[in-house]
Protein chains: 2
Amino acid sequence: MSPLPSGLLGDLDPTSDRAVFRQIADQLREAIDRGRFREGEKLPSEADLVDHFGVSRMTVRNAFSILQGEGLVHAEHGRGVFVRPRPPVRRLASDRFARRHREQGKSAFIVEADAAGSHPTVDSLEVKEEKASQDISTRLGSVRRVLARRRRYLLDGRPVEFATSYLPLDIARGTPIAEPNPGPGGIYARLEELGHHLDHFEEEIRARMPSPAEVKTLHLAAGVPVIHLIRTAFDTGGRAVEVCDTVMAADAYVLSYQLPAT
Amino acid sequence: MSPLPSGLLGDLDPTSDRAVFRQIADQLREAIDRGRFREGEKLPSEADLVDHFGVSRMTVRNAFSILQGEGLVHAEHGRGVFVRPRPPVRRLASDRFARRHREQGKSAFIVEADAAGSHPTVDSLEVKEEKASQDISTRLGSVRRVLARRRRYLLDGRPVEFATSYLPLDIARGTPIAEPNPGPGGIYARLEELGHHLDHFEEEIRARMPSPAEVKTLHLAAGVPVIHLIRTAFDTGGRAVEVCDTVMAADAYVLSYQLPAT
DNA sequence: CTCGCCCACTCGTCTAGATACCTAAAGGAG
DNA sequence: CTCCTTTAGGTATCTAGACGAGTGGGCGAG
């Protein structure tokens, strides 16, 4: 219960219209922005702040809850509240599905993570046939049932992405694509071997807060949104041959695209 | 203080490990997902839920606070808590900067919004020379000062996007680009007229929770992330001629890109 | 020295109020 | 009829305290 170092945080302004817990949140936010507290560093405990500001504990907790919602800090039960470190991000370039990257033998995720010096893992593999949702059916051109390939990607043990690929049964059934491990180069390599020469991809990107299930699967901290990416692969005949639905921890990714100016 | 319609919400499970306020949040979330409460509809008041579940008010508020963080509901002081309606989204296609779209005379934003039947506005215009931040300087190739063009875009009165364009002074100073209204086709049209023939754009996309300033500028509800897009325009000589830093309300946008498979 | 236990510290959850302020509708004064 | 006041029903903020439970260090037993 050592008192706060004086000067670290200021006083409240009783004349202000701003609610006390917001003022406290503002002070902490500013201290973090100014680098007074570094990444991973422990903030003053709730009890410290109760003493320093002379408010009740709920008020302090309200302040912390604001900062958590902003993704600035995270609380650890029994330890304290910490400045949330910015994890290393994974950059996705727009040429990541270029044919030349498929010749290697490993999946794009593994190759890329190895190059970045991280330790990649893939788990939660599930491959099965199922009924297509309305949305997937529309994107694939009115198919009823699809082959679904689900998997989760981890970097250095941290889950960062959860993806499901959907393929029409007439394309995928009975091929290596329906196997848990589709072989070198991934399913895009298999699709081309099967005569579905890929022409282009379309990607749709949204960002939103995660559902409770996504929080669990991706071990998301409070205040971390997800990037929801839906990619459709088209063959040279203009047919949609695959839809991949991906949910990514937003703090782990930067997406990068090149657009022609023509 | 009319009692809740029975059957709308269930009971608590006292044997569950799950905290009471989470159980309440779960029930409300499920009721919303199942369509028991529609978009814009008012949820039971805090007092109703206090009575129904036999808990204290703080517990109910905690439950609401979870749902707010998920972007599912929003509270209106003195009115109630409402299911947050999903606003119409603006789709950004990857060909939105194609040269053919520039010949029209109006800015891309206006044309597109008119086509979608919304009422577009642009405000908060500011054009001035300033010192380049480290990041902007790097992207533009070590320039010290830049012309900054700031503006905010609104759809039907709702702010959806806040953007700043940065251009090297040797390109922009003294040209229509330095005017508040750069003329038909926007600054990309002017750049081409000035001999900077555009070759391609690079876009970097991140998603995160907004800063307090962004919440204010974009009138963001709780639980709405922002999409942060940084676009760099390159001329045919490979020089970066503009960087545009855009912050978008994530619930108002779907980004769409086409990637070649080659 | 090592292991296990205890205790201090810390956040998590919940209660039971009090006061403030906002909104909307009803009702009364003009 | 119009406008203002009242009032009921909402959320916003804050207090004071209780108990639960995870963490980690210190200390004593072996």
Side-chain angles (χ1 to χ4, degrees), chain A residues 1-4 11-28 37 40-69 72-84 215 221-223, chain B residues 1-4 11-28 37 40-69 72-84 215 221-223:
Chain A
M1 185 95 56
S2 53
L4 235 48
D11 293 319
L12 298 176
D13 174 3
T15 70
S16 168
D17 280 350
R18 198 152 174 81
V20 173
F21 73 93
R22 288 185 209 283
Q23 292 186 47
I24 296 178
D26 290 345
Q27 291 210 15
L28 291 169
F37 299 106
E41 197 175 336
K42 186 174 169 302
L43 294 174
S45 76
E46 294 176 358
D48 288 342
L49 294 173
V50 163
D51 287 349
H52 178 82
F53 289 113
V55 297
S56 84
R57 191 170 154 229
M58 276 314 253
T59 303
V60 170
R61 282 182 62 78
N62 263 334
F64 275 142
S65 130
I66 290 185
L67 300 180
Q68 274 194 51
L72 270 182
V73 308
H74 69 111
E76 293 182 28
H77 193 171
R79 302 225 308 131
V81 178
F82 300 83
V83 179
R84 202 156 67 74
V215 168
Chain B
M1 185 94 61
S2 55
L4 236 47
D11 293 320
L12 298 177
D13 175 4
T15 69
S16 168
D17 281 348
R18 198 155 174 78
V20 173
F21 72 92
R22 289 185 206 283
Q23 292 187 47
I24 296 178
D26 290 345
Q27 291 209 16
L28 290 169
F37 299 106
E41 197 174 337
K42 185 173 169 303
L43 294 174
S45 76
E46 295 176 356
D48 288 342
L49 294 173
V50 163
D51 287 350
H52 179 82
F53 289 114
V55 297
S56 85
R57 193 167 152 239
M58 275 312 258
T59 303
V60 170
R61 282 183 62 78
N62 264 334
F64 276 142
S65 131
I66 290 185
L67 299 179
Q68 274 197 50
L72 271 181
V73 308
H74 70 110
E76 293 182 29
H77 194 166
R79 301 224 310 132
V81 178
F82 300 84
V83 179
R84 201 156 68 75
V215 168

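This one's a predicted model, so the numbers in the text were calculated from it and none came from an experiment. We use all heavy atoms of the structure for the numbers below, so side chains are in, but hydrogens, waters and symmetry mates are not.
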Residue-phosphate contact under 4.0 Å: B:S56 side-chain N/O, C:dA16 OP1/OP2: no

Separation of atom CG in A:L12 from atom C1' in D:dT15, rounded to whole Å: 15 Å

Nearest heavy-atom neighbours spanning B:R79 and B:F82: NH2-CZ, 3.8 Å

Short side-chain to backbone donor-acceptor contact, A:E46 and A:V60, under 3.5 Å: no

Euclidean distance, A:D13 CG relative to A:Q27 CD, rounded to 0.5 Å: 10.0 Å

A:N62 CG to C:dG12 P, straight-line distance once rounded to whole Å: 13 Å

B:R61 side-chain N/O to D:dA12 phosphate OP1/OP2 under 4.0 Å: yes

Touch class at under 4.0 angstrom, heavy-atom based, for B:R18 against every strand present: nothing

Table of protein N/O atoms under 3.5 Å from nucleotides 18-21 of chain C N/O atoms:
{"from": "C:dC21", "atom 1": "O2", "to": "B:H77", "atom 2": "NE2", "distance (Å)": "3.1"}

Interatomic distance where CE belongs to B:M58 and C1' belongs to D:dG17 [whole Å]: 13 Å

Nearest-0.5 Å distance, CG of residue A:N62 to CZ of residue B:R61: 8.0 Å

Distance in angstrom units between A:Q68 CD and C:dG12 C1', rounded: 11 Å

From A:D17 atom CG to A:Q23 atom CD, the distance as rounded to the nearest 0.5 Å: 9.5 Å

Spacing of A:L49 atom CG relative to C:dT10 atom P, expressed in whole Å: 11 Å

Interatomic distance where CD belongs to A:E76 and C1' belongs to D:dA21 [whole Å]: 15 Å

Minimum-distance pair of heavy atoms, taken over all atoms of B:G80 and B:K42: CA-CE, 4.0 Å

CG-CG distance between A:L28 and A:L72, expressed to the nearest 0.5 angstrom: 10.0 Å

From NE2 (A:H74) to CG (A:L43), nearest 0.5 Å: 9.5 Å

Closest non-hydrogen atom pair, B:F21 against B:T59: CB-O, 3.4 Å

Sugar-phosphate only, base, or nothing, as touched by A:F64 at under 4.0 Å among non-hydrogen atoms: nothing

Length of the CD-P vector between A:E46 and D:dT15, whole Å: 14 Å

Polar-atom pairs under 3.5 Å, protein N or O versus N or O of nucleotides 24-27 of chain D: list them with distances, or write none.
{"from": "D:dG24", "atom 1": "OP1", "to": "A:R79", "atom 2": "NH1", "distance (Å)": "3.3"}

Rounded distance in Å - CZ (A:F53) to C1' (D:dT15): 17 Å

